[in-house]
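Data first, discussion second: the structure below is written as structure tokens.
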Number of protein chains: 2
Amino acid sequence: MSEKVQYNEKQQQIMAVALRLFAENGYDKTSIRDIAREAEVNVAMVSYYFGSKDKLLEAVFINHFKSIRASFKVILNHRGDSATDKVSKIIDMFIDMLANRQLFHRLMIRESGILKQGPLFDMINEMKTANRRLVEKAVKNGQQLGVFRKDVDVFFMSSVLIGSVNQNMANTRYELEHRNITKEQREIIKHERTETLRTHLKRMFIAYLTDTNTP
Amino acid sequence: MSEKVQYNEKQQQIMAVALRLFAENGYDKTSIRDIAREAEVNVAMVSYYFGSKDKLLEAVFINHFKSIRASFKVILNHRGDSATDKVSKIIDMFIDMLANRQLFHRLMIRESGILKQGPLFDMINEMKTANRRLVEKAVKNGQQLGVFRKDVDVFFMSSVLIGSVNQNMANTRYELEHRNITKEQREIIKHERTETLRTHLKRMFIAYLTDTNTP
DNA sequence: TTGTTTTAATTAAACGTTTGTTTAATTTTG
DNA sequence: CAAAATTAAACAAACGTTTAATTAAAACAA
């Protein structure tokens, strides 16, 4: 029953470098030679281990996708105290999920814009659906308890959740990359921004779900 | 004082095709030969008119950027009745701005993820700043009138505005592209989604700005 | 432990394509 | 006739990938 070691050290090294370069410069702007140089392996090793550049990207995707899928399951089974607590918990866990996989999400967001089919397309689709289900469950729970308004839109909320977090992180990175500050300061500011995002997103969602003054 | 005709018919044709292919398949996955074929011109015409593929992208960007900048000016000078009306108007105009330039925004979102410097970088930065100023102005107005809470975050709100609209449109497109429906039905659904987005984003923002039940 | 064989890993070089771009000749336009 | 537009062809560079040769590691028999 023990989990097989899927990738050896060298393979993991290649995948790590590939992820970073794909995320920072884009898949097409990253050559196999770039990856090989930074991973300190021969160019032929990529084909030898992964078959092709496409398959390497796929391997990187599957690798992260598995752990993301697991994260979703954890969130879905979480039992919060109140309806609003559940919404808070979803936001927390979703932000954590993205914050812990920043490089992968940068890559994913970029690729999701042009994908039309194939395994990567399917994976991204599954994640979006999982996110919507998550929001739907929490919303319905609150509605049944009579705490949340009935006229809320799950598709909209899901878009806001994903889009806001993405944009907030992108803006933060965008801003930090062009300031002359130390790495430590960078991480502090990044952390502050994430915490602010957390607080305000919760407040905004709960206000949207519970506010009775707006029509 | 008459506006010079910047681009002749053929140039505009090339730019239109380039924008579409860049947006749909990505800049790097689009070859000059692809553009030339669909625009029904010789490959050499791109270099002849624009200098290079890079410059063509830049020309496409500048072209749209100018009209976007103009749109921002209109929004910034708008005089709504109440503080909430002003917020509503900003959301309306921002959504219209993106909805009317869907291809360009798809391209821009994608490229903004990997740009590190250069003219395109500067343009995108200006747009982000303009958006933040816009939100800031409306928020301060409402706060001075005592209608809005004091503890709201402009950086956060700007991220939510841009991110939510982007994500909503991306999700809608993603979903529609894989349904067997006519173009007319597609447009109807797209329009519905945009209207829902409008309504709910306004409600959410105003709830966030005015709600007094949440801490 | 040895020596031997087999498999896996690693390399430099080459391959065929595609890419963006340029050239030089020709046609169209003013 | 001169300038602009258009073309087919060619160019060098970069790309992903493969090949064939070599080295390192693992497996095995004595």
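Here is how names work: the chains are called A, B, and so on, in the same order as the sequence lines, proteins then strands, and each is numbered from 1. Nothing here was measured: the structure is a model prediction, and the numbers come from that model.
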With the sugar-phosphate defined as primed atoms, P, OP1 and OP2, and the base as all remaining atoms, what B/S/- string results for nucleotides 10-17 of chain C, 5' to 3', for protein heavy atoms under 4.0 Å? BBB-B---
B:Lys53 to B:Tyr27, cation-pi by 6.0 Å centre distance and 45° axis angle: yes
When rounded to whole Å, the CD to P distance for the pair B:Gln12 and D:dA5 reads 14 Å
By nearest heavy atom, map A:Gly51 and A:Asp34 onto DNA chain D; which one lands nearer the 5' end? A:Asp34
Could you state the CG-P distance from B:Leu21 to C:dG20, rounded to the nearest angstrom? 12 Å
Measure NZ/A:Lys53 against C1'/C:dT18 and give the value in whole Å, please. 13 Å
Would B:Lys140 and B:Glu136 pass as an ion pair if we require N to O under 4.0 Å? yes
Do the charged groups of B:Lys116 and A:Glu177 touch, with an N to O distance under 4.0 Å? no
Does either side chain, that of B:Ser88 or that of B:Asp85, offer a donor lying less than 3.5 Å from an acceptor on the other one? no
How many whole angstroms separate atom CZ of B:Phe50 from atom P of C:dT22? 15 Å
Spacing between A:Gln13 atom CD and C:dA9 atom P, to the nearest angstrom: 14 Å
Distance-only donor-acceptor pairs under 3.5 Å for side chains of residues 154-165 of chain B, two or more places apart:
unit_1: B:Ser158; atom_1: OG; unit_2: B:Asn131; atom_2: OD1; d: 2.8
unit_1: B:Ser159; atom_1: OG; unit_2: A:Asn171; atom_2: ND2; d: 3.2
unit_1: B:Ser159; atom_1: OG; unit_2: B:Phe155; atom_2: O; d: 3.1
unit_1: B:Ser164; atom_1: OG; unit_2: A:Ser164; atom_2: OG; d: 3.4
unit_1: B:Ser164; atom_1: OG; unit_2: B:Val160; atom_2: O; d: 2.6

So, A:Phe121 versus B:Tyr174, ring centres under 6.0 angstrom or not? yes
Spacing of B:Leu56 atom CG relative to C:dG20 atom C1', expressed in whole Å: 12 Å
Using a 4.0 Å heavy-atom cut-off across all strands, classify A:Ser47 as base, sugar-phosphate, or nothing. base
Rounded to the nearest angstrom, tell me the gap between atom CD1 in B:Ile32 and atom C1' in D:dA9. 16 Å
